[in-house]
Amino acid sequence: MIVNFEAFLIAITILTLTPGVDTALVIRNSSRGGVVDGATTSLGICLGLFVHATFSAVGISALLAQSAQLFSAVKMVGAAYLIWLGFSTLRALMKGHAVPAELTLNQQGLNLKRSLREGLLSNVLNPKTAVFYLAFLPQFINPEGSAFAQSLLMAAIHFVIAMVWQCGLAGALDTAKGLLKSSRFMMWMEATTGVVLVALGVKLLLDDK
């Protein structure tokens with residue numbers, strides 16, 4: 001059903017590989033809780049894609065694009081959440097509460113719930129993703145088919161590509177177990193990703209485009 005499928009596939013792959021909030025969050029949580037934590041974060045992020053695809057299909061994203069006040073409000077919420085994630089990481093480090101790479105099963109379960117929530121909210125609360133889906137998906141929708149079904153199909157393709165890429169990042173970090181067992185490296189990794197999340201949140205807050 002998708003028009004110009006090859007062009008869509010190339011564009012969505014390039015978008016996925018471009019470093020941004022998703023990459024920073026997956027790296028941050030992978031360094032905190034290992035590959036399972038990072039993969040769960042990726043799952044949350046990718047589930048958020050279906051939310052944006054649905055909003056785009058039913059026209060809610062159009063409201064974000066047309067209403068400056070609503071767009072600004074949602075942007076501030078999303079930016080504040082990213083900044084909060086970054087500060088919470090830095091605060092835990094300063095208090096000496098950095099999470100070790102090797103966790104017990106019970107501790108890991110708690111982190112999985114948190115990582116899924118963090119990934120989902122960071123994606124859903126990003127208005128730029130909503131506006132991107134609004135501008136991007138219609139270019140490939142066949143007017144003779146269901147816009148809703150095609151939007152979900154494109155989100156599903158994006159889901160698969162993003163999961164493969166982000167889980168690959170989490171796996172790459174997991175292979176460096178020697179580094180991850182170093183408390184100094186763990187502190188450096190979490191501090192770096194914490195700062196990156198704060199910087200991305202501030203950039204989103206100040207970017208009027």
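Throughout, residue positions are numbered sequentially from 1 according to the sequence presented.
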Asks: So how far is it from Thr54 OG1 to Leu49 CG, rounded to the nearest 0.5 Å?
Replies: 10.5 Å
Asks: Determine whether Phe148 and Leu47 fall in the same hydrophobic cluster, where Ile, Leu, Val, Met, Phe, Trp and Tyr are linked whenever their side-chain heavy atoms lie under 4.5 Å apart.
Replies: yes
Asks: Of all heavy-atom pairs between Leu9 and Ile161, which one has the smallest distance, and what is that distance?
Replies: CD1-CD1, 3.8 Å
Asks: What ring-ring contact (aromatic ring centres under 6.0 Å, His included) pairs are there with at least one residue in residues 1-20, not counting sequence neighbours?
Replies: Phe8-Phe136, Phe8-Phe140
Asks: To the nearest 0.5 angstrom, please state how far the OG atom of Ser151 sits from the CG atom of Leu137.
Replies: 5.0 Å
Asks: Are the side chain of Gln150 and the backbone of Asn142 linked by a donor-acceptor contact shorter than 3.5 Å?
Replies: yes
Asks: I'd like to check the side-chain hydrogen bond (donor to acceptor under 3.5 Å, both in side chains) partners of Ser42; sequence neighbours left out, ordered by chain and number.
Replies: Gln166
Asks: For Phe50 and Leu152, work out which heavy atoms get closest and say how close.
Replies: CE2-O, 3.8 Å
Asks: What orientation do Tyr133 and His52 show, parallel under 30°, tilted 30 to 60°, or perpendicular over 60°?
Replies: tilted
Asks: Heavy-atom distance under 4.5 Å between the side chains of Leu43 and Phe159, does that happen here?
Replies: yes
Asks: Which pair of non-hydrogen atoms, one from Ala170 and one from Ala39, has the smallest distance, and what is that distance?
Replies: CB-N, 4.2 Å
Asks: How close do Ala191 and Leu90 get, heavy atom to heavy atom, and via which atoms?
Replies: O-CD2, 3.7 Å
Asks: Does any non-hydrogen side-chain atom of Arg28 lie less than 4.5 Å from one of Thr41?
Replies: no
Asks: Quick check on side-chain contact (heavy atoms from CB on, under 4.5 Å): which of Val35, Ile45, Leu116, Asn29 does Thr40 satisfy it with?
Replies: Leu116
Asks: Could you tell me the separation between the OG1 atom of Thr16 and the CD1 atom of Ile157, rounded to the nearest 0.5 Å?
Replies: 11.0 Å
